[in-house]
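Throughout, protein chains are lettered first and strands after them, A, B, ... in sequence-line order, and every chain is numbered starting at 1. In what follows, every heavy atom counts, from backbone to side chain, and hydrogens, waters and symmetry copies are set aside.
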2 protein chains.
Amino acid sequence: MTTTPDPTTRLAESGARVTGPRRTILDAVDGLGGPFTVEELCAAAPSVGRATVFRTVKLLQETGAVCRLVLEDGSVRYQRSEGGHHHHRVCSECGRVQEFADAELDRLIHANAEVAGFELDGHSLELYGRCRRCA
Amino acid sequence: MTTTPDPTTRLAESGARVTGPRRTILDAVDGLGGPFTVEELCAAAPSVGRATVFRTVKLLQETGAVCRLVLEDGSVRYQRSEGGHHHHRVCSECGRVQEFADAELDRLIHANAEVAGFELDGHSLELYGRCRRCA
DNA sequence: CTAGATGCAAACGGTTTGCAACTAT
DNA sequence: ATAGTTGCAAACCGTTTGCATCTAG
């Protein structure tokens, strides 16, 4: 199976420094567990400046440790990620978000693009509803 | 086939008034043709106040005459829509966006949710790449 | 006639930036 | 030693709001 280096390792490997504030933010992300706004992350890591939180979230997105997700109403949240290509199931009840991959779905998406003569670079798919626990 | 009332009719049917500014905005939307930002729409309808443009875009979204779309980089644009459930193929080259529906894909998405015990309310799917003309 | 719509300008919330001080490597 | 990182505050940008005026129905 694919190795999923921990966020700190990812940072180092991407050439970024592993600093105090960044560790603090990574801990806060783990602590939050679920999807979070930058605002919430700031609250969870009060010792770190706002600008640094924004900069770090962007950095973590680039390294794949965190992924951006767009809720049904268009608002933006982030969440700890295993990285790689995946989609989301967003629960409108508890707010939790499941990552999932579905090769069959991806295949069909590629087929759809092909038929339309569309040269596919990427795609995003988000499911909205209630998770097993909340349904 | 499904009747797709023109935007003006939609407005009237939804109980909203058909006013001068709203007509101006609808014309501007048609004039722009492709996806647009509110900023661009303001420029295309300079006689209408900014706030009204925002309010009207929201209104048009609600009536389904216009749909919101999220680009790969997370930025938001709007575009004239036929309404109803559909997905998008976004061309990164020319910026054009094709609406499409794909029953087979929708079926698979529902199946995916079902297997996961997820009670699906809705979903969004956006394809990114280059359209036939640009590829 | 009157509820709904408009324009303006001010307020807003989230995000970015310039810069001088700091620190991981 | 030095390029990368941080904190702060100010700037920014897209969007919303309060309010007095106007107008479609």
Side-chain angles (χ1 to χ4, degrees), chain A residues 6-29 32 35-63 65-79, chain B residues 5-29 32 35-63 65-79 95:
Chain A
D6 72 290
T8 307
T9 309
R10 290 191 190 216
L11 274 185
E13 283 176 354
S14 76
R17 288 186 186 169
V18 179
T19 66
R22 285 180 183 167
R23 285 181 201 281
T24 304
I25 290 173
L26 283 171
D27 287 350
V29 167
L32 287 168
F36 55 87
T37 60
V38 175
E39 193 53 38
E40 288 161 355
L41 189 50
C42 284
S47 66
V48 182
R50 211 175 207 65
T52 299
V53 175
F54 274 98
R55 288 184 280 230
T56 304
V57 167
K58 183 175 290 178
L59 181 64
L60 294 178
Q61 263 188 98
E62 283 158 6
T63 66
V66 145
C67 68
R68 172 200 184 92
L69 54 102
V70 180
L71 268 44
E72 208 163 6
D73 67 356
S75 61
V76 176
R77 286 181 169 263
Y78 301 89
Q79 130 159 340
Chain B
D6 74 290
T8 307
T9 309
R10 290 192 190 215
L11 274 185
E13 282 175 355
S14 76
R17 288 187 185 169
V18 179
T19 67
R22 286 181 180 165
R23 285 181 202 279
T24 304
I25 290 173
L26 283 171
D27 287 348
V29 167
L32 287 168
F36 55 87
T37 61
V38 176
E39 192 53 38
E40 289 161 354
L41 190 50
C42 284
S47 68
V48 182
R50 211 176 207 64
T52 299
V53 174
F54 274 98
R55 289 186 278 231
T56 305
V57 167
K58 183 176 289 177
L59 181 64
L60 294 178
Q61 264 187 97
E62 284 158 5
T63 66
V66 146
C67 67
R68 173 200 185 93
L69 53 104
V70 180
L71 269 43
E72 209 164 6
D73 67 356
S75 62
V76 175
R77 285 182 169 262
Y78 300 89
Q79 129 160 342

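Between A:E39 and A:R50, at least one side-chain nitrogen of the basic residue sits less than 4.0 Å from a carboxylate oxygen of the acidic one, meeting the salt-bridge criterion.
No engagement by B:S75 is indicated, since no non-hydrogen atom pair under 4.0 Å with the nucleic acid exists. Nucleic acid contact for A:V76: none, since no nucleic acid atom lies under 4.0 Å from a heavy atom of the residue. No engagement by B:T24 is indicated, since no non-hydrogen atom pair under 4.0 Å with the nucleic acid exists. A:V18 comes within 4.0 angstrom of the backbone, heavy atoms only, and of no base.
OP1 and OP2 of C:dG4 both lie 4.0 Å or more from every side-chain N or O belonging to B:T19. For B:T37 and D:dG14, the shortest distance from a side-chain N or O to OP1 or OP2 is not below 4.0 Å. Side-chain nitrogen and oxygen atoms of A:R50 include none within less than 4.0 Å of the OP1 or OP2 phosphate oxygen of C:dG14. For C:dT16, the OP1/OP2 oxygens have a side-chain nitrogen or oxygen of A:K58 closer than 4.0 Å.
Of the listed nucleotides (D:dG18, D:dT16, C:dT17), D:dG18 has the atom at the smallest distance from the side chain of B:R55. Counting only heavy atoms from C-beta on, B:T52 has its side chain closest to C:dG7 among D:dT16, C:dG7, C:dA5. Relative to the side chain of B:R17, the nucleotides D:dG25, D:dT16, C:dT25 differ in distance, and D:dG25 lies closest.
In this structure, the CZ atom of B:R22 is 14 Å from the P atom of D:dT23, given to the nearest Å.
Side chains of A:T9 and A:D6: a donor on one and an acceptor on the other come within 3.5 Å.
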